[in-house]
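Down below is the structure, laid out as structure tokens.
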Amino acid sequence: MGRVNPLDAFSALLSDEGRTLLAGLRDHDPAQELATATRLRREHPAELVSAALGQARLRQRAVAKFGAEDAYRMFFTPNGVEQSTRRTVAVHRAARLSALGVRSVADLCCGIGGDAIAYARAGIHVLAVDHDPLTAEVARANAEALGLSDLIEVRCADVTEIDTSPYDAVFVDPARRGGNRAGAARSASMRGGGRATGGRIFDPEAYSPPLSWAIEAARKAPRAALKIAPGIPHEAIPEDAAAEWISDGGDVKEAVLWFGTAPGSVRATLLPSGAHLETAAPLPDPPVRPVGRYLYEPDGAVIRAHLVAEAAAGLDGGLIDETIAYVTADELRPTPYAAAYEITDELPFNLKNLKALLREREIGVLTVKKRGSAVEPEEIRRKVKLRGPNAATVLLTRVAGAPTMLIGQPAKPVDD
Ligand SMILES: C[S@@+](CC[C@H](N)C(=O)[O-])C[C@H]1O[C@@H](n2cnc3c(N)ncnc32)[C@H](O)[C@@H]1O
């Protein structure tokens with residue numbers, strides 16, 4: 001049997017037969033895939049069945065990013081679902097561009113359309129460009145499936161050939177996964193500009209298109225937003241850009257370089273609440289002080305944006321160590337920018353003592369957190385025996401330079 005052209009397989013999926021088949025697979029159990037495939041092949045061509053099953057799997061994966069209502073109407077490619085912007089973040093960015101008066105945007109590197117959809121839903125006209133023919137077809141199908149074809153024009157082209165002058169804004173989300181990791185590592189270490197960030201190398205010139213191209217494209221437009229890895233070192237932020245780090249549900253998802261607004265400022269945005277901190281003149285670090293009754297763990301976006309001092313400003317607190325982003329205070333104050341823990345014990349790091357304490361307190365559920373400690377939470381979880389009705393949190397860290405375990409639990413919320 002010859003290999004099926006992916007574009008042909010996708011257009012077969014868009015036929016009435018393909019759509020009906022796919023709709024019937026919405027609640028299908030992936031563990032039963034073989035049996036389902038055998039049954040469906042009795043009535044439909046084998047290629048169509050396998051395309052539908054593949055798409056059904058991708059839709060199930062996409063629910064976490066797009067929500068069930070959209071995910072089961074949309075189409076995906078494996079890379080497309082992996083690389084797309086989650087809806088919450090795309091909606092936030094579209095709202096910011098819309099608030100800046102943007103009515104049309106060139107979405108350069110549109111993928112399957114995660115961002116384009118959010119722009120269109122914010123009422124912005126979108127030129128969505130991707131050089132991969134299948135990805136562009138999928139983006140087109142998504143615009144149609146969501147009733148947004150009037151607002152989204154999809155073009156299959158290399159972004160470097162696009163005239164962006166008719167648009168109010170440019171948005172670039174370069175491809176940065178699945179590249180040549182070894183090559184990226186090599187070029188990063190040669191230039192000394194790369195950073196290992198969460199296992200990935202920050203080498204923006206290995207992006208497709210390279211970040212330097214995206215920055216030039218941004219400077220030509222009245223407004224621009226460039227999506228980049230959150231590990232971008234602050235030294236790499238161009239002076240004429242503003243930088244924003246965005247977390248969703250406490251996980252840092254991405255950074256954005258904004259052009260045409262607030263140059264030199266840094267911002268942390270926490271979704272879903274939308275709470276944000278922003279400054280162009282960062283405060284000095286809070287003083288180091290002894291561990292008090294409460295410990296605040298700033299949100300990752302706050303830490304990446306170097307806004308711990310700003311987050312701590314209303315807490316009347318200090319750092320537990322000059323190199324650690326944990327803030328401590330004697331009083332509990334409400335803040336959207338950090339999770340608060342009530343600390344019951346501060347002990348030098350020692351596994352035997354930790355085990356004894358957990359046994360004595362009858363701890364059956366233990367949350368392990370760490371900052372500035374070489375010990376892996378997994379190792380602790382493996383080595384301690386948990387038995388009993390109580391829960392606790394252990395924070396492995398350094399206090400004034402010494403490896404320390406802070407034991408406590410999430411603080412009960414206080415009213416504003
Ligand atoms: C990170 S994905 C975009 C995801 C998109 N923002 C979304 O939310 O669905 C990057 C895309 O850029 C495309 N791409 C990379 N280099 C390109 C180029 N030079 N011209 C056009 N598209 C390009 C890739 O095919 C890929 O689909």
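Atoms within each ligand, like the ligands themselves, are counted from 1 in listed order. Note that the numbering runs from 1 along the sequence shown for the chain.
Nearest protein heavy-atom neighbour of atom 16 (N) of ligand 1: S208 OG, 2.7 Å. If you check which protein heavy atom lies closest to atom 19 (N) of ligand 1, you get D158 OD1, 3.3 Å. Protein heavy atom nearest atom 2 (S) of ligand 1, with residue, atom name and distance: Q83 OE1, 3.2 Å. Nearest protein heavy-atom neighbour of atom 4 (C) of ligand 1: D173 OD2, 3.3 Å. Nearest to atom 20 (N) of ligand 1 among the protein's heavy atoms is V159 N, 2.9 Å. With hydrogens left out, the protein atom closest to atom 18 (C) of ligand 1 is H131 ND1, 3.5 Å, a heavy atom.
Selection from D130, V81, D132, L108 by nearest heavy atom to atom 25 (O) of ligand 1 gives D130. Of the candidates C110, G114, A90, C110 brings a heavy atom nearest to atom 5 (C) of ligand 1. Counting only non-hydrogen atoms, the option in P133, C109, A118, G80 that gets closest to atom 12 (O) of ligand 1 is C109.
Residue S84 approaches ligand 1 through these ligand atoms, each under 4.0 Å from one of its heavy atoms: 7 (C), 8 (O), 9 (O). For ligand 1, the atoms closer than 4.0 angstrom to any heavy atom of A157 are 20 (N), 21 (C). Taking every non-hydrogen atom of D115 and a distance limit under 4.0 Å, the qualifying atoms of ligand 1 come out as 5 (C), 6 (N), 7 (C), 8 (O). Short contacts between ligand 1 and A175, defined as distances under 4.0 Å to a heavy atom of the residue, involve ligand atoms 10 (C).
In this structure, F171 has its ring center under 6.0 Å from that of Y119. A centroid separation of 6.0 Å or more is found between the aromatic rings of F66 and Y72. Within the 6.0 Å centre-distance limit, the rings of F75 and F10 are counted as a close aromatic pair.
Judged purely by distance below 3.5 Å, without hydrogens or angles, the side chains of T77 and N79 never pair a donor atom with an acceptor atom. Side-chain contact annotation: T85 with K227, donor-acceptor N/O pair under 3.5 Å present. When only modelled atom types and interatomic distance are considered, E161 and H131 share no side-chain donor-acceptor pair under 3.5 Å. There is a side-chain donor-acceptor pair under 3.5 Å between E205 and S212. Side-chain contact of T328 with R289: a donor-acceptor pair under 3.5 Å is absent, judged by distance alone.
Contact check on R93 versus E244 returns no salt bridge, with no Lys/Arg side-chain nitrogen under 4.0 Å from an Asp/Glu carboxylate oxygen. Residues E379 and K383 are paired through a salt bridge, judged by an N-O separation under 4.0 Å between the basic side chain and the carboxylate.
Considering backbone and side-chain N/O of F171, none are found under 3.5 Å from N/O of ligand 1. Between T85 and ligand 1, at least one N/O pair is under 3.5 Å apart.
For P174, every heavy-atom contact with ligand 1 shorter than 4.0 Å involves the backbone, none the side chain.
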